Structures are given as structure tokens and as C-alpha cells.
There are 2 protein chains.
Amino acid sequence: MDTGTPAAADTAKQPRTERGRRTLRKLLDAAAVEFGERGFHEASISGITARAGTALGSFYTYFESKEAIFQALVRDMSEAVKVAAREALAEPAPALERERAALTAFLRFAAEHKEVYRIIDEAEFVDPESYRQHYETTGARILDRLREGARKGELRADLEEAHAWAIMGMNVFLGLRYAVWGEGDLPAEHVAAIAGDLLAKGIAADR
Amino acid sequence: MDTGTPAAADTAKQPRTERGRRTLRKLLDAAAVEFGERGFHEASISGITARAGTALGSFYTYFESKEAIFQALVRDMSEAVKVAAREALAEPAPALERERAALTAFLRFAAEHKEVYRIIDEAEFVDPESYRQHYETTGARILDRLREGARKGELRADLEEAHAWAIMGMNVFLGLRYAVWGEGDLPAEHVAAIAGDLLAKGIAADR
């Protein structure tokens, strides 16, 4: 999952060279596979360095422990989820179309990186602070978009944090069902169209 | 969490006497506290029996292992979530009011049993089959309600599984934010009214 500069500033020592940056990226990508396949408890530092093709010493240049790289990985993935949505939102569009584009991008991202669920979910137990931070910042980004849509007169003026959390929950569970478990039985665009339609007009019968 | 007869038929030996039933209930309630506070890996059988005030032998009358009581507990909690919703749905009501009542009941249940999130979430790692089963059966129950509402002409006729998963995700995340993390900063009725309103008419501005 190459998302550019590793977003691990809090927990990893920062590389000073391009080569160091690449090594850190390799370690985080290898950690995603190792933690995703084996889970935190079974995963090992030597498993990560073997997958990364780096020496054990390189690991300790950047991370103090298995916990430290796990924390860096959760923050890196949280950043990658944000970047995937941001790219989908680069073009200006009406607020409801923006929500649909963000969900489509998230569903595609989750289908390509199925390990993201397992790793962020395991953070609830291994690194609760990063887990909570992931959802609080994601919810805050959605709320910002809703308020922007309300300012433009496209969305209801009374939208608040609970609406953002409702939308985040929708997106997370649609991703779990259709991107992670679903093996593509419904395409991302179709799932996002259903969610977009729900946000546009609700589920009541037309009167 | 007394939800009546323990829903542990798959994994626990069934008690033949009322006294046995009470012992099994005590063990499951103690397991909810032990797993909820310590997590699966740190939790111990002796911790469970100490909290339950039962002898170690009683534990092995019903369960073979820590894994077995964890699985029984996840299924028991899944059943308890279902029972809480069902009680809220005892009275006939329009479909959208039923969804709001089900969410209000779930939020209250989650606020009273905050450990339910941690335990069901940890099942993703400890007992993935029960984890998946919990969400598949919950989603199927919501879809049944949506289809009933559609038959009565109260809800749109084109509702499908993805709508049910969207609603389940909304409910789970509103529970996480306001019942588990929120310490009651928004009352259950208020949160459920926001979600009900979103389902009734969406988030677009009135035209």
C-alpha cells in the first residue's frame, strides 16, 4: 500500500534519506501483510523484516518494538483511507455526489486492502488510542463535508455530529459486507449508489 | 445481563435443573465482566469462576475451555441484543417508528452493557465465525423489517440487503459514539430521532 510519505511521525523515527524513506515504507507494507495474516499476537518482528527483505537492524532504526510498528501502521492506514477519499473528492461536485464518490473510493480501497479492517479493528485491543483517533478524525472529516454542503444550501442546515457518525457507520459496514466479505458480489458503484440514494431521500415510500 | 435462558446451546452443555441453569447464567455473566475488563488473552477461567462464585468443577461441567465459554458468551450477547430489540418492537407501529424504537432500545442496551462492543469486536479475532454470524443474523432481521414495511406500503419497494447493512452500520457506530464512548452526552432518544429522521427523508436540503 504505497501512500507516499509514511504517516508515522508520532511513533517512528523519521528517515533522513530517500533510501531510508523507502526502507520505512517497505517495513510498513510488510507489517500490513504480517499483522493482516497472522494478527498482532502471532505476528513477529522477524516475520516483518523477512517479508520486507530488510535486516533486523533496519527495523530497530525506525521502531522500538512490535507495538510501535503496529501503532505506526494503524496511523499510516488511517492516513491512506483519508488520501483515498481525498483523491475522489479532488473535483468539485454537489455534496451528495461527493459523499457517493468518497464511499466508492473507500469501497475500492477496502477491496484492494482487505487487511485494513482486521488491522484497524485489532487496534481496539492493541492500541485503543489510535483506534479511537481513527474514527474521531474520520467522523470529523465527514462532518466538515456535511457542513460545507449545508453552507451551500445543498444539505439540511441542521446536520450535526451524529449524522456524520451515522454515515461513517454505513460506510464501514457496507465495506465490511461488500468489499471485505463480499468478493465483489455487488460492485462498489452499485453499493455507493444505494447509500447515496438513502442519503438523498431516505427509505420512506413516495407519497 | 440476565436475558433468561442462556443462548449457548451450540457450545455449552445444557443444564437439566433450574439450579444448573442459574449456575450457567452466573458463569456467562461473570465471563462478560472478565472478558470485558481484561480481554480474551488476559482473561482466565479462574477469574471467571471467582467472579461467578462457583467452583472450578462447575465451569468444566458446562465448558471445555476459555474458547468455549467465549463462543457461548458471544452467542448469548448476540441473542441479548436481539431480545432487547424485540421487546421494543412488541407493539405494532409504522415501519420508520419501529426502526427508531429498535435503535433506542439498542442504545440503552449498549449503555448498560458497554462490554458488549469489546466482546463482539474481539470475536473477530477469537471466534470469527460467531462474529460474522452476529452481523449476518442482525442484518437479516433488519432486512425482514424493511421488507415488511415495504409490503405495507410504508417503505420504498426497492429496499435490499445493502440498505439493511447501511442501517446496521449506522446503529453500531451511533452506539459506539454515544452509548459506549459518549457517557450520555446525547440521550438515546435524541440520537435515535436523528437516525430516524435521516431514514425518513435523507439529508438533502428541502427544495
Side-chain angles (χ1 to χ4, degrees), chain A residues 39-41 94-96 99 117-118 121-122 124-126 128 131-132 135-136 139 146 149-150 152-178 181 185-186 190-206, chain B residues 39-41 94-96 99 117-118 121-122 124-126 128 131-132 135-136 139 146 149-150 152-178 181 185-186 190-206:
Chain A
F40 180 79
H41 293 283
L96 285 168
E99 287 315 305
Y117 271 76
R118 178 167 185 164
D121 290 351
E122 195 161 21
E124 180 177 356
F125 306 99
V126 175
Y131 178 75
R132 190 162 172 154
Y135 286 120
E136 288 180 345
L146 297 182
K152 290 182 179 167
E154 294 168 2
L155 301 182
R156 286 162 40 190
D158 64 347
L159 299 179
E160 56 180 278
E161 185 196 47
H163 294 93
W165 279 71
I167 292 170
M168 177 161 62
M170 274 179 34
N171 294 355
V172 169
F173 270 68
L174 291 171
L176 178 66
R177 171 64 187 83
Y178 297 105
W181 289 349
D185 54 357
L186 277 191
H190 184 78
V191 175
I194 287 176
D197 193 53
L198 192 164
L199 292 181
K201 58 186 190 187
I203 61 168
D206 292 329
Chain B
F40 180 79
H41 292 283
L96 285 169
E99 287 314 305
Y117 272 75
R118 178 166 185 164
D121 290 350
E122 195 161 22
E124 180 177 355
F125 306 99
V126 175
Y131 177 74
R132 191 162 171 153
Y135 286 120
E136 288 180 344
L146 297 183
K152 290 184 178 166
E154 295 169 3
L155 301 183
R156 286 162 40 190
D158 64 346
L159 300 179
E160 57 180 279
E161 186 196 48
H163 294 93
W165 279 70
I167 292 170
M168 176 162 63
M170 273 179 34
N171 294 355
V172 169
F173 269 68
L174 291 171
L176 177 66
R177 171 64 187 84
Y178 297 106
W181 288 349
D185 54 357
L186 278 191
H190 184 78
V191 175
I194 287 176
D197 192 53
L198 192 164
L199 292 181
K201 57 184 191 189
I203 61 168
D206 293 328

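Naming: A, B, ... by sequence-line order, numbering from 1 per chain. These numbers come from a predicted model, not from an experiment.
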Requested in this report: Mind checking the CG-CG spacing from B:L199 to A:L199? Nearest 0.5 Å is all I need.
Outcome: 10.0 Å
Query raised in the report: Of all heavy-atom pairs between B:G153 and A:A205, which one has the smallest distance, and what is that distance?
Result: O-CB, 3.3 Å
Report summary line: Rounding to 0.5 Å, atoms NE2 (A:H163) and CE (B:M170) come to a distance of 9.0 Å
Query raised in the report: Side chain, backbone, both or neither: which part of A:L159 has an atom under 4.5 Å from a heavy atom of chain B?
Result: side chain
Query raised in the report: Where on B:L96 is there a heavy atom nearer than 4.5 Å to chain A: the side chain, the backbone, both, or neither?
Result: side chain
Query - Spacing of CE belonging to B:M168 relative to CG belonging to A:L176, to within rounding of 0.5 Å - result: 8.0 Å
Query raised in the report: With only heavy atoms counted, which part of B:I203 is less than 4.5 Å from chain A, the side chain, the backbone, both or neither?
Result: both
Report summary line: So, the part of B:E122 with a heavy atom under 4.5 Å from chain A: the answer is both
Report task. Enter the distance from B:W181:CH2 to A:W165:CH2 here, rounded to the nearest 0.5 Å. Result -> 4.5 Å
Query raised in the report: Given that the side chain runs from C-beta out, which part of B:N171 has a heavy atom under 4.5 Å from chain A: side chain, backbone, both or neither?
Result: neither
Report summary line: Of B:A157, B:A200, B:A166, B:G139, the largest count of non-hydrogen pairs under 4.5 angstrom with chain A goes to B:A166
Report summary line: Applying a strict 4.5 Å limit to non-hydrogen atoms, the region of B:E161 in contact with chain A is both
Query raised in the report: What part of B:V191 lies closer than 4.5 angstrom to a heavy atom of chain A: side chain, backbone, both or neither?
Result: neither
Query raised in the report: Given the side-chain rings of A:F125 and B:F40, with only the six-membered ring counted for Trp, is the space between their centroids under 6.0 Å?
Result: no
Query raised in the report: Which heavy atom of B:L174 sits nearest a heavy atom of A:A162, and at what distance?
Result: CD2-O, 3.4 Å
Report summary line: One option among B:E136, B:R118, B:H190 has the most heavy-atom pairs under 4.5 Å with chain A, and it is B:R118
